[in-house]
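In what follows, a single structure is set out as structure tokens and then discussed.
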Protein chains: 2
Amino acid sequence: MSKSLEFLTESLRRLPGVGPKSAQRMAFHLLQHDREGAAQLSRALYQAVDTVHHCAMCNTFSDTEVCDLCVDEARDRALLCVVETPADQLMIEQTLTYRGLYFVLMGRLSPLDGIGPKDLHLDKLVNRAADGVVQEVVLATNFTNEGEATAHYISEMLKARGLKVSRLARGVPVGGELEYVDAGTIARAMIDRRSA
Amino acid sequence: MSKSLEFLTESLRRLPGVGPKSAQRMAFHLLQHDREGAAQLSRALYQAVDTVHHCAMCNTFSDTEVCDLCVDEARDRALLCVVETPADQLMIEQTLTYRGLYFVLMGRLSPLDGIGPKDLHLDKLVNRAADGVVQEVVLATNFTNEGEATAHYISEMLKARGLKVSRLARGVPVGGELEYVDAGTIARAMIDRRSA
């Protein structure tokens, strides 16, 4: 096989979820049907590696030192929402229910993968939350075991510094039918029930 | 979101089988965990677009005018095997049962997708097969409807020029249990039965 093609196939395997067969199919497709797309992807990768950094305030990906959301004067600076990834942040933004700022962990505590508090730069979060302006930190990590552990760890750390900490509500999802919701979720919804 | 990140996510969608969520996940992964991989992929794409052409003899992807296999003096030049893709060619090579040359169609006849004989450059195949050295053309297109139609079309074309044309044998796969093989395959195996 062509050396350049082999190098391309091998490099495509660096993408998450792409095995040898998919990589080969992608390489053939690009070279046979979309060379313009291949050239564009090459430029996009080069540009992204070159210009994308972490926002000095919220730690998300940004082309500028501080991202657009963090400099937006319309946002409520007393609220700080902690999420695992930029994708989670986008989901919360789409709900239009939150007008504060964010801190993006870019991961979660995961001892099995060797990701501890230092790897997550939690000191950066503590410094950010203790700026004297932030009044409440909303923990919006995932409701998985690792996300819950991360939320618990951060909560203890921030409460020790006298900060108000909250967590997204757990309960039955909108449109959920009790018959098909798992028992753990119903149990939490029962414990956290609110006056109607 | 960062402009460079948006451009990268959008460009990753040019890859076959990659939707918006996968593209985002790939972009985040590369920027957070594998910037070296992203830079390598950028180089590989650029290099492939720049150097990979079609072999003048067999039409497969090649960095040189004629690919390594076509210049290999050890191959039997009287045999020409027609396949749809370089991946199919690799599979046949792995069987170690074929020592002739190849012609790679880079597709199949597919009227529904607007791919006719001209789009497949079948004239190139006819010229190649009619070089006076090739004695037999082995059709190894897929046994799908489109692959069969392609084989039939090529077969008629080459036979009209007096060439000997053969097709890979159909039948029960190695390890196949009759109970679980489809009736069409068993029917073909019965028609094509050979003396034991």
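Because only heavy atoms are used, hydrogens play no part in the values below, and waters and symmetry mates are left out as well, while side chains stay in. These numbers were taken from a predicted model, which means no experiment stands behind them. Within every chain, numbering begins at 1; the chains are lettered A, B, ... in the order of the sequence lines, protein sequences first and strands thereafter.
Proximity to chain A (any heavy atom under 4.5 Å) is restricted, for B:Leu30, to the side chain, taken from C-beta onward. Heavy atoms closer than 4.5 Å to chain B are found in the side chain of A:His54, but not in its backbone. For a residue to count as touching a neighbouring chain, one of its non-hydrogen atoms must lie under 4.5 Å from one of that chain's; by this rule A:Leu90 touches chain B with the side chain only. For A:Leu5, the parts lying under 4.5 angstrom from a heavy atom of chain B are both the backbone and the side chain. At a 4.5 Å heavy-atom cutoff, the contact between A:Gln24 and chain B is made by side-chain atoms alone.
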Name the atoms and distances for all side-chain donor-acceptor pairs under 3.5 Å in residues 13-23 of chain B, with sequence neighbours left out.
| unit_1 | atom_1 | unit_2 | atom_2 | d |
| --- | --- | --- | --- | --- |
| B:Arg14 | NE | A:Asp34 | OD2 | 3.0 |
| B:Arg14 | NH1 | A:Gln40 | OE1 | 2.9 |
| B:Arg14 | NH2 | A:Asp34 | OD1 | 3.0 |

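Residue pairs meeting the side-chain hydrogen bond (donor to acceptor under 3.5 Å, both in side chains) criterion with at least one member in residues 67-77 of chain A, sequence neighbours excluded: A:Arg75-A:Glu93.
Interface check for chain B: of the options A:Gly107, A:Ser62, A:Pro86, A:Cys67, the most heavy-atom pairs under 4.5 Å are formed by A:Pro86. Among B:Met26, B:Arg25, B:Glu10, the residue making the largest number of heavy-atom pairs under 4.5 Å with chain A is B:Met26.
No donor-acceptor contact under 3.5 angstrom links the side chains of B:Thr85 and B:Arg108, judged on distance only. Neither side chain, B:Thr141 nor B:Thr150, offers a donor N or O lying under 3.5 Å from an acceptor on the other.
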**Q.** Full working for side-chain contact (heavy atoms from CB on, under 4.5 Å) between B:Leu8 and A:Leu45
**A.** CA-CA 6 Å; B:Leu8 175 57; A:Leu45 284 160; 3.6 Å; yes

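More than 12 heavy atoms of other residues, nucleotides or ligands lie within 6.0 Å of NE2 in B:His33, so this atom counts as buried by the packing criterion.
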